[in-house]
Amino acid sequence: MAKPKKQPRPKAITPKGFRDYFGQEVTQRTEMLRAIADVYHRYGFDALESSAVETVEALGKFLPDVDRPNEGVFAWQEVDENDKGDWMALRYDLTAPLARVYAQHRNDLPTPYRRYAMGPVWRNEKPGPGRYRQFYQCDADTVGTASMAADAEICAMLSDTLETVGIPRGDYLVRVNNRKVLNGLIKDMFSSESDVSEELVAGILRTADKFDKVGVEGVKQLLTKGREDASGAFIEGLFLTSLQADRVIEFLLAKADSDEETLRNLRAVVGGSSEGREGVAELVAISELLQAQGYNSEQISIDPSVVRGLGYYTGPVYEAELTFEIFDEKGRKRQFGSVAGGGRYDDLVKRFTGQEVPATGISIGVDRLLAALREKGRISAQATGPVVVTVMDRDRMADYQAMVAELRNAGIRAEVYLGNPKNFGNQLKYADKRNSPIAVIEGGDEKAGGIVQIKDLILGAKIAESATLEEWKERPSQFEVPRDDLVAKVREILDSQD
């Protein structure tokens with residue numbers, strides 16, 4: 001009789017394109033999102049937590065037009081008794097779910113509806129360095145008003161958010177443009193609107209969106225005959241004429257020293273296009289509203305080079321760029337780049353209701369913003385752990401739990417060591433691994449004398465690194481205090497470590 005084949009153990013590996021987040025990262029993200037939520041709440045926005053799963057039909061505009069719609073998203077088909085059913089998918093972003101929620105609940109929601117949402121999204125795309133298939137987004141949107149005051153408010157709120165979380169003024173810029181300006185320019189470039197297909201407009205928008213990466217010459221090549229990329233692969237161009245490509249370049253270079261001058265340049269660029277002139281007028285309105293609130297061009301600025309590649313934007317678009325320099329993996333200096341983007345999308349809810357519902361909003365890349373705060377030193381590379389109460393006598397666990405309860409009730413993060421207490425050195429190694437600031441020690445002698453030993457682990461580590469014996473004696477890192485003074489002394493040491 002054949003011996004049954006042994007079932008192999010599963011591999012303990014993270015799925016490709018995903019990652020695990022541990023205590024410090026989760027805490028930092030939670031604290032940053034709480035600070036962002038405070039700003040959004042102050043502006044009158046309400047929280048919304050929608051389902052992580054949507055029907056593919058609801059996500060439609062965001063998906064490729066394929067028979068099996070699981071390219072770009074993680075999707076599956078519900079199976080009924082006829083082996084057919086709805087296609088479902090993990091949400092691709094937080095905007096499509098908002099359009100569905102508003103269409104479904106619009107009779108119960110105020111108009112305009114102002115909401116913010118925070119949470120993970122999933123994209124079934126090829127992973128790469130720093131590019132994951134699951135990541136966090138943080139959105140704020142206003143649905144139900146066409147007023148440019150809503151767009152100006154989103155830009156102002158984004159500026160306030162960046163400063164609140166720790167990006168100082170001068171290290172960021174919210175850049176604003178309007179899709180209508182470029183759309184009008186494109187239509188004005190051709191003798192007949194029938195010559196302008198949706199595919200061509202989308203191609204020009206995608207190419208213009210690469211301006212920051214490939215520069216003037218690169219954009220012109222992509223608009224005309226095509227270009228060879230860094231890998232040597234040839235990218236076919238859009239075959240515009242040289243004159244048409246020059247008009248797009250002129251638009252992208254219309255940025256001037258002041259918003260007023262930039263707007264004058266844009267008026268000249270759009271020529272006779274009524275849509276283009278409407279876009280410029282909307283930018284004027286946004287600029288005036290922001291100035292009235294006290295924002296200047298060092299915080300929020302009109303910039304025609306902001307295009308945003310997604311096709312669903314219908315008016316103003318905006319992007320938050322961090323302007324300070326960092327070093328890349330090859331040691332080269334570069335600007336940190338974009339951490340947020342958004343714009344007006346007046347057609348998304350219409351897919352559900354048949355009626356146009358104006359909307360505008362912003363999405364912050366949470367992981368990107370966290371990385372920026374680490375670069376600026378606004379959050380520490382290593383989180384401080386809890387105070388560790390060591391266990392010298394396992395039969396006296398109630399005493400140690402009483403200590404830790406006192407510390408917690410005083411608002412101090414603390415824990416009792418719950419491993420094998422036999423080896424005291426292992427307890428201190430545990431505290432070190434937890435990055436604990438303090439260890440509390442109470443053996444039998446200390447208990448009899450009504451005292452506790454409090455060890456400053458941060459100071460002790462610094463002394464051990466460089467101090468001489470004499471300096472070590474002069475700067476003790478362990479203190480003997482009355483048991484009743486436990487909380488006061490621990491707080492004193494923690495305050496000195498800040």
Side-chain angles (χ1 to χ4, degrees), residues 61-62 93-96 98-99 102 111-115 139-159 174-188 193 196 198 201-202 204-206 208-209 211 248 251-252 254-255 259 262-263 265-267 269-271 273-291 293 295 300-320 338 340-351 353 355-363:
K61 187 146 187 159
F62 298 79
D93 68 2
L94 298 175
T95 308
L98 170 63
Y102 185 80
T111 300
Y113 174 52
R114 300 146 69 86
R115 85 88 171 89
D139 286 20
D141 298 79
T142 299
V143 183
T145 177
S147 171
M148 289 299 104
D151 299 88
E153 182 180 63
I154 290 285
C155 293
M157 188 167 68
L158 181 55
S159 173
V174 178
R175 303 186 298 151
V176 188
N177 194 13
N178 195 309
R179 271 291 178 78
K180 292 179 181 177
V181 181
L182 185 52
N183 287 343
L185 168 65
I186 293 170
K187 292 172 184 175
D188 195 56
E193 284 201 16
V196 188
E198 286 188 14
V201 173
I204 293 172
L205 290 171
R206 284 194 301 269
D209 198 33
F211 177 68
V248 177
F251 165 80
L252 294 171
K255 173 70 176 167
D259 284 352
T262 299
L263 291 165
N265 292 342
L266 287 176
R267 288 190 189 95
V269 168
V270 297
S273 165
S274 59
E275 184 178 0
R277 290 198 300 271
E278 183 182 340
V280 174
E282 289 179 353
L283 288 174
V284 170
I286 291 171
S287 181
E288 290 175 349
L289 287 164
L290 289 168
Q291 288 178 25
Q293 295 175 69
Y295 295 90
I300 307 170
S301 178
I302 307 297
D303 189 339
S305 68
V306 176
V307 177
R308 306 289 300 163
L310 292 175
Y312 58 71
Y313 291 122
T314 58
V317 289
Y318 13 85
E319 199 164 88
S338 174
R344 178 162 285 276
Y345 50 97
D346 288 346
D347 295 333
L348 289 190
V349 178
K350 186 178 180 180
R351 294 177 52 245
T353 64
Q355 301 170 334
E356 185 173 289
V357 178
T360 189
I362 193 76
S363 180

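Numbering starts at 1 and runs along the sequence shown.
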Test item: D259 side-chain N/O and I302 main-chain N/O as donor-acceptor pair under 3.5 Å
yes
Sorted by chain and number, sequence neighbours left out, salt bridge (charged side-chain N to carboxylate O under 4.0 Å, His left out) with D139 holds for none
Are the side chains of R114 and T145 in contact, using a 4.5 Å heavy-atom criterion?
no
Results of side chain to side chain donor-acceptor pair (under 3.5 Å) for N265 - residues two or more places apart only:
none
Where is the tightest heavy-atom contact between P112 and T142, given as atom of each residue plus distance?
CB-CG2, 3.9 Å
If you define the side chain from C-beta out and look only at heavy atoms, does anything of P316 sit under 4.5 Å from I286?
yes
Find out whether P304 and V181 are in side-chain contact, i.e. whether some heavy atom of one side chain is under 4.5 Å from a heavy atom of the other.
no
Carboxylate-amine/guanidinium proximity below 4.0 Å for E319 and R175
yes
Y318 versus I154: any side-chain heavy-atom pair under 4.5 Å?
yes
Can you confirm whether R179 sits close enough to E275 that some side-chain heavy atom of one is under 4.5 Å from a side-chain heavy atom of the other?
no
Quick one, T353 and Y102 - any side-chain contact, counting heavy atoms below 4.5 Å?
no
Using only atom types and a distance under 3.5 Å, with no angle test, would you say the side chain of D346 pairs donor to acceptor with the backbone of A359?
yes
